[in-house]
Structure formats: C-alpha cells, structure tokens
Asks: 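Handing you this structure, nothing more for now.
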There are 2 protein chains.
Amino acid sequence: MDADVTPELRADDVSFGVPDARLLRAIDDHGSVSAAAAGLGRSRARATGRLDELEAAFGSLVERVRGGASGGGTELTAGAHDLLARFARLQAALSGVAAAEECVLEGRVTAVDGELATVATPVGALRALAPEGADRVQLSIRADAVTLHAPDEAPPAGGTSARNRLTGSVRAVERGESVAHVRLVVDGEDGQAEFVALVTLESVDRLGLTTDSEVVATFKATATRATGLVG
Amino acid sequence: MDADVTPELRADDVSFGVPDARLLRAIDDHGSVSAAAAGLGRSRARATGRLDELEAAFGSLVERVRGGASGGGTELTAGAHDLLARFARLQAALSGVAAAEECVLEGRVTAVDGELATVATPVGALRALAPEGADRVQLSIRADAVTLHAPDEAPPAGGTSARNRLTGSVRAVERGESVAHVRLVVDGEDGQAEFVALVTLESVDRLGLTTDSEVVATFKATATRATGLVG
DNA sequence: CACCGTTGTATCAATGACGGAACAACGGAC
DNA sequence: GTCCGTTGTTCCGTCATTGATACAACGGTG
C-alpha cells in the first residue's frame, strides 16, 4: 500500500493542478500552445480555454501572439514562472511527506490548550496538534521530523522549542546512498515503541550511531499530528 | 491563493480517497450500505460496486448480512478501521504541510552526494534533498520544521542530526491561541532572509522570545527540499 | 403466508469532459 | 498575391461516470 497525493493551488474556486503545470511547462518548452497541446495529446481548443480559465483566477500567465515570422506563438509570463515554482515546492513537500516513514502511537488526550494537546502514550506524555474533541487518538511522528542528539549534548528542555524529547537506543541503522533510517527502541513505563529518524550519513557518522547506541530524540509539537480513533 | 491537497492510498492500481473514506464512515454510522449511500446522495448500486473494488485491492473491509431481524446490514471490519486510521493520518499530515508557511530561498547547488545537495544561498551554505541535475534551485523550509534555541544552549554541530544552523534575530512574535509564528531575520554575507518558525507559546515563553532577541534556528537537511528553477 | 428492510445484480438515461475538425484571422516571407 | 504556422472560436461525436430504477433473494416477525 502506497500513499499518493495530488497537489493543487486554488484561487477563486479554480484549481491549478498537475495537468495545468504540464501544459505551462510544455508551452515554455515549445513556445506555442499548438505544439504543447499536440505534445501532450490534448486538444488545442481545450488547452486554450483552460489557459483562459486559469488566467481569470491566477492573473496573467501567458503572452500570445498571432502571425509574424514564425507564425505566432505563446510565452510564459513571470507570473507563470512564479506559479510553477510555487507548485513545484508544494509538490515536493507533499511527496516527501507521503513517502516518509512514520512512528504511530496510540494515546489518550489528557490536557488541551487550543489546538495543542498533551497525549498520554506508552512512552510517556507527548505534545501534538490535535483536532477538537478528540479523546482516543493516534499520533504520527514522521522520520524527517525526528532530530537525534548525543545524550551528553542534547539541548536542555528550556533552551529549545522542540517540546518532545525521548531517550532510546539504536536498534538498526539502515544506510542508503546519502541518508539513513535510524530505528530506535524507546522504553516507557507502559510499554515500548519503535521510532524511526531519517538523517544524513554525515549525522550517523558524527554522532557515532550504531546498534545499541544510546540516543536522545527530539521532535516538535507543531510537527506532530494527532487524529481521532474510532472503532 | 491557497494550497489544497487530495490524499490517496494506493494498492493494485486502486486508489482509496476521500469519497471512499466518507462511504466507510457513513456505513459505520448507519450500519448499512443503503442508508449510507442515501445519506451521501449516492446510488446504492455504485456504492456496493465500489466496496467490491476496494476489497479486491485492500482486503476485507465490510461484513454484509442480508435478512434478519433488522432486514440485514453492513459492518466495518478491523481492516477497514486500520485503513481509515491510516488515511486520517495521511490527510492530517498533508493538510498540515499544505497550510504551513515557508521560507523560500534561491540558491545554487555547489556539491551533490546522492540525493543530498549543498546549496549556496544568500545566508550561507545549506543542506537539502534535491532532484538530480538541478543547478539553480529554490529551497523551501517550512515553519513547522524550524527549531529555535537560546544561543548559549544551542546543540553543537557534532552532537545533533540537524545539519542546518543559522543565527538570527526575532523580528516579530505573532501569538495565536496556543502556538505562535516567530519571524526571524538572518543576515548573511550575500544578503538577508526572513525565516518563520511555528512554535508553542510555551516555547516562546521559555526561550523568552521577543522582538530583537537573538536566536539560533536549526532545521534538518532531510526536511528541507530543493526544487529546480527555470525561466 | 405477507411484510419488512436489507443485500445482490443488472440496465437505462443523463451529464460532463474531452479530442477532433474546421473556418476565420493575423503578420511575416517570398 | 500565395503560403506558412500560429492564435481565436465554434461545433460535433465519443466515452466514462454516475444516479435512478427494478427485480430477485434473504431471514426474521406476526
């Protein structure tokens, strides 16, 4: 089972999505709507109409010329480049999240302050963003949100904005080409949990992480999400 | 302009999305496909067919009974509950990312090691995950990925897996109900950048953050995304 | 037995999205 | 003037998706 995500940027009830980004990029490559549409296997009339629709919501995206030495053509505006850049950032961020490994913990909400909740879990009380009214929840802590520290150099609680902090031991270091998944075992009074952190190989080496190493893991409350559990 | 996201879980070329989650939840609420479909304004025949399709890909999701004291009915299996829980986690994580403020920096890739790149930016060299072949890039650093530290208590570079570290000063603290956006100004040799971190009010108070406070910001290379720039 | 309310199954019609096709117009080049 | 390759605009036919509808079957209840 894989997670997939379809990103969209919305303005005035019009959504800019993957096919739209493809169209703009093809226009940039070919210099015309005709060639772009043909290259994408789309009808030119539809592509033109879509550009009109997008422009009505997002502002000027293309400059179209009919006639001339080359017969005419279409170029992207700076606004289109900005929109494409923003879309690319969103897509990269969302794809990264969809692909990330996570540690899932069940827990009970014991205190609430606005959207922030304190959740009792097998490995202790953790802070997370939670929906209103949730009681029994699951916490998701993604591998790219977990920072690892050498135990004697971990930041003191009062000196950092990372509100969650656990001590555990390394169960495995799975090295990739330039990053590694570090799997931790954290023991608590009410149980045990396995965490995973995605860190650079440089961090693995600098921290001297190997099986059975002791390590401190920190992660932000504002990057930790709780969702309600039913059934 | 708002970012929107459509999450999906995929298995065997079948995608489980928002309408599917709605259907399962309605079945759980009503105890029958008939009532669920009616409540959602969908055709029962289609809902039944969709369940068949989803079960073929994701395994048993419902137990259906025809006849009986109540005429029959349908209940969710444990597998369905697990699927819904996973979908909820994915949706929460993606929605959080789509809604997060970001700091965007333009830069140039100066070194590459697998998917990890070193990028020269106005505020110095930063580490990020980058697509292959990118030269001129934009870095996106989300507010929920930035950890703030008191300058005298920031973790030393060798003792933490957070590979990016900058010193800046607080320009503004925008307090919400339980979390705050802390805006930082970071000066570099080649320019200046404004960062934003999303932290709890507790962190603001513990770190004593106020306008002009000096602060150290750290963020992981594996949570920092670079995307190519054109045009 | 009839009735109830559900599930199992099949069919029909409507709708929206889409590509294909075609005519008109433009501004250079020859 | 003709030709070229583009844009501007309109219309047609196809296809996938969907809700509505209807008959059959089930297992209790009275």
Side-chain angles (χ1 to χ4, degrees), chain A residues 6 8 10 12-57 60-77 79-80, chain B residues 4 6 8 10 12-57 59-77 79-80:
Chain A
T6 303
E8 286 169 353
R10 205 180 31 209
D12 288 345
D13 286 323
V14 176
S15 288
F16 182 92
V18 169
D20 304 314
R22 278 209 189 106
L23 177 60
L24 288 185
R25 287 192 198 109
I27 290 168
D28 206 28
D29 289 345
H30 292 94
S32 81
V33 177
S34 299
L40 293 173
R42 293 177 64 171
S43 110
R44 177 174 62 84
R46 292 272 172 259
T48 298
R50 183 60 180 160
L51 287 173
D52 292 338
E53 195 178 7
L54 292 174
E55 290 201 303
S60 171
L61 298 176
V62 290
E63 282 178 8
R64 297 180 250 192
V65 176
R66 51 199 288 193
S70 55
T74 302
E75 294 187 349
L76 299 190
T77 64
Chain B
D4 207 0
T6 303
E8 290 171 350
R10 201 168 8 99
D12 288 346
D13 285 324
V14 175
S15 288
F16 183 91
V18 168
D20 304 313
R22 279 210 187 104
L23 177 59
L24 288 184
R25 288 194 196 107
I27 290 169
D28 205 29
D29 288 345
H30 290 94
S32 81
V33 177
S34 300
L40 293 173
R42 291 177 65 171
S43 108
R44 176 176 61 85
R46 293 277 170 251
T48 297
R50 182 60 180 162
L51 286 173
D52 292 339
E53 194 179 9
L54 291 174
E55 291 200 304
S60 170
L61 298 175
V62 289
E63 283 177 8
R64 297 180 251 193
V65 175
R66 51 199 285 192
S70 57
T74 302
E75 293 186 349
L76 299 190
T77 63

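Throughout, a chain's letter reflects where its sequence line sits, starting with A, and its residues are numbered from 1. All values below come from the heavy atoms of this structure, side chains included, with hydrogens, waters and symmetry mates left out.
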Asks: Expressed as a whole number of angstroms, how long is the span from B:D20:CG to D:dT18:P?
Replies: 10 Å
Asks: Which heavy atom of B:A26 sits nearest to which heavy atom of B:L40, and what is that distance?
Replies: CB-CD1, 4.0 Å
Asks: For a quick check of understanding: with a heavy-atom distance under 4.0 Å over all strands, which category does B:S34 fall into, base, sugar-phosphate or nothing?
Replies: base
Asks: State the CG-CZ distance between B:L76 and B:R25, to the nearest 0.5 angstrom.
Replies: 10.5 Å
Asks: Output every pair passing salt bridge (Lys or Arg N to Asp or Glu O under 4.0 Å) with a member in residues 40-50 of chain A, not counting sequence neighbours, ordered by first then second residue.
Replies: A:D20-A:R50, A:R50-A:E53
Asks: How close or far is atom P of D:dT17 from atom CZ of B:R50, stated in whole angstroms?
Replies: 10 Å
Asks: State, to 0.1 Å, how close A:A80 and A:L24 come at their nearest heavy-atom pair, and which atoms those are.
Replies: CB-CD1, 4.4 Å
Asks: Which value, rounded to the nearest 0.5 Å, describes the distance between A:L54 atom CG and A:D12 atom CG?
Replies: 12.0 Å
Asks: Could you tell me the separation between the CG atom of B:D52 and the P atom of C:dT7, rounded to a whole number of Å?
Replies: 12 Å
Asks: Rounded to whole Å, please give me the gap between CD1 in A:I27 and C1' in D:dT6.
Replies: 13 Å
Asks: Would you mind reading off the distance between A:E63 atom CD and D:dG8 atom P, rounded to a whole angstrom?
Replies: 12 Å
Asks: What one-letter contact string describes nucleotides 21-30 of chain C from 5' to 3', where B marks a base within less than 4.0 Å of any protein heavy atom, S marks contact via sugar-phosphate atoms alone, and - marks no contact?
Replies: BB--BBBS--
Asks: Do you know the tightest heavy-atom contact between A:E8 and A:S15?
Replies: OE1-OG, 3.6 Å
Asks: Given that A:A47 and B:G72 both sit by DNA chain C, which one's nearest nucleotide is further toward the 5' end?
Replies: B:G72
Asks: So if I take every side-chain heavy atom of A:R46 and compare against C:dT6, D:dC12, D:dT9, which nucleotide ends up nearest?
Replies: D:dC12
Asks: Nearest whole Å is fine: how far is D:dT18 C1' from B:E53 CD?
Replies: 14 Å
Asks: If you find the nucleotide of DNA chain D closest to B:L40 and the one closest to A:A35, which residue's nucleotide is nearer the 5' end?
Replies: A:A35
Asks: In whole angstrom, give the distance that lies between atom CD of B:E75 and atom C1' of C:dT6.
Replies: 13 Å
Asks: Looking only at heavy atoms, which two atoms of B:V62 and B:T77 are closest? And how far apart?
Replies: N-CG2, 3.7 Å
Asks: Are any of B:T48's side-chain N or O atoms less than 4.0 Å away from OP1 or OP2 of C:dT7?
Replies: no
Asks: For B:G41, answer base if it contacts any base atom (sugar-phosphate contacts may also be present), sugar-phosphate if it contacts only those atoms, and nothing otherwise; contact means non-hydrogen atoms under 4.0 Å.
Replies: sugar-phosphate
Asks: Rounded off to whole Å, could you give me the CZ-to-C1' distance for the A:R42 and D:dT14 pair?
Replies: 18 Å
Asks: So, is B:T74 close to the C:dT7 phosphate, meaning a side-chain N or O under 4.0 Å from OP1 or OP2?
Replies: yes
